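Here, residue 1 is the first one in the sequence, and each next residue gets the next number. All figures in this text were calculated on a predicted structure; none of them were measured in a lab.
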Amino acid sequence: MGMVFGKIAVETPKHTVVKSGDGYEIREYPPAVAAEVTYDPSEFKGDKDGGFMVLAKYIGVFGKPENQKPEKIAMTAPVITKEGEKIAMTAPVVTKEGGGGGEKKTVTMQFLLPEMYKKAEDAPHPTDERVVIKEEGGRKYGVVTFSGTAAESVVSEKVKKLRSDLERDGFKITGDFVLARYNPPWTLPPFKTNEVMIPVE
């Protein structure tokens, strides 16, 4: 019942708050190991969150884990998504929906693995070749937290404001934003915790 009201009962990544105030935080994160999948949402009927099931099966959310041990891996929060490069369309492409522009965007979804996994080789090897295990080095982000549903229009507005605030305060932005979502879909929107994170130097 607690998850419906936004209780986060799983491991979240440790971090140090370097600066707080002005509507955002600057956080430093230590190295971590992540499982990620990169995909074109059209592979999942246009669902940008389609990769969730692939990663959930890897860690064993729905029964036998899809990894070579097989070893069940504890779920952590947040689930991280980022939009990838626009990649040129190749022919032939057969889809039912109309598309335009000759380009498609990929999405990368990432689960940070529990802290017990210190290196990529410590994590069980995925049986689904779409899942990639990678080491994330130490990272520094400007972060803004918000509740509600992380709709594209809301996220876009948060990114724009955070980017502007970071530039105003003299931070050098080093990459594109990522979206971090801490709650399952059945959490009531007012109780959801979301973050927009922009990497900085």
Hey, are Asp40 and Lys48 close enough for a salt bridge, meaning a charged N less than 4.0 Å from a carboxylate O?
no
Cluster link Leu179 to Ile26, ILVMFWY, side chain under 4.5 Å
yes
Mind telling me whether Tyr24 and Phe171 have parallel, tilted or perpendicular rings, with 30° and 60° as the class edges?
perpendicular
Worked check of side-chain contact (heavy atoms from CB on, under 4.5 Å) between Val144 and Met197
CA-CA 7 Å; Val144 65; Met197 308 172 71; over 6 Å; no
Pairwise distance CZ(Phe177) to CD1(Ile198) - rounded to 0.5 angstrom
8.0 Å
If I take atom CG from residue Leu166 and atom OH from residue Tyr141, how far apart are they, to the nearest 0.5 angstrom?
13.0 Å
Are any of the side-chain nitrogens in Glu167 or Lys172 under 4.0 Å away from the carboxylate oxygens of its partner?
no
Main-chain N/O of Thr12 paired to Thr76 side chain as donor or acceptor, under 3.5 Å
no
Lys160 atom NZ, neighbour heavy-atom count above 12 within 6.0 Å
no
First locate atom CZ of Arg181, then atom OG1 of Thr149, and finally report the distance between them rounded to the nearest 0.5 Å.
10.0 Å
Student check: side-chain heavy atoms of Val37 and Val132 closer than 4.5 Å
no
Hey, quick one: are Ile133 and Val79 part of the same hydrophobic cluster, counting side-chain heavy atoms closer than 4.5 Å, chains of contacts allowed?
yes
To the nearest 0.5 Å, what is the distance between OG1 on Thr108 and NZ on Lys82?
6.0 Å
Taking the basic N atoms (NZ, or NE/NH1/NH2) and the acidic carboxylate oxygens, is any pair closer than 4.0 Å for Arg130 and Asp128?
yes
Decide whether Glu195 and Tyr182 meet the rule of one side-chain donor and one side-chain acceptor closer than 3.5 Å.
yes
Using modelled atom types and a 3.5 Å cut-off, is there a donor and acceptor pairing between side-chain atoms of Lys45 and backbone atoms of Ser42?
no
Is it true that Ile59 and Val54 fall in one hydrophobic cluster, defined by side-chain heavy atoms closer than 4.5 Å?
yes
Check for a donor-acceptor pair, side chain of Arg139 on one end and backbone N or O of Pro30 on the other, with a separation under 3.5 Å.
yes
Short N-O contact, Glu121 and Lys119, less than 4.0 angstrom:
no
About how many Å separate OG of Ser153 and NZ of Lys158, when rounded to the nearest 0.5 Å?
11.0 Å
Do any N or O atoms from the side chain of Asn67 and from the backbone of Glu71 form a donor-acceptor pair under 3.5 angstrom?
yes
Is a side-chain donor or acceptor of Thr81 paired with a backbone partner of Met109 at a separation under 3.5 angstrom?
no
Could you tell me whether Glu25 and Lys19 have a side-chain N and a carboxylate O separated by less than 4.0 Å?
no
Short question: side chain of Asn194, backbone of Ala180 - any donor-acceptor pair under 3.5 Å?
no
Give a yes or no on whether a salt bridge exists between Glu136 and Lys134, defined as a side-chain N under 4.0 angstrom from a carboxylate O.
yes
Quick one: pull up CG in Leu55 and CD1 in Ile80 and give me the separation to the nearest 0.5 Å.
11.0 Å
Side chain of Tyr58, backbone of Ile73: donor and acceptor closer than 3.5 Å?
no
Do the non-hydrogen side-chain atoms of Tyr39 and Thr106 ever get within less than 4.5 Å of each other?
no
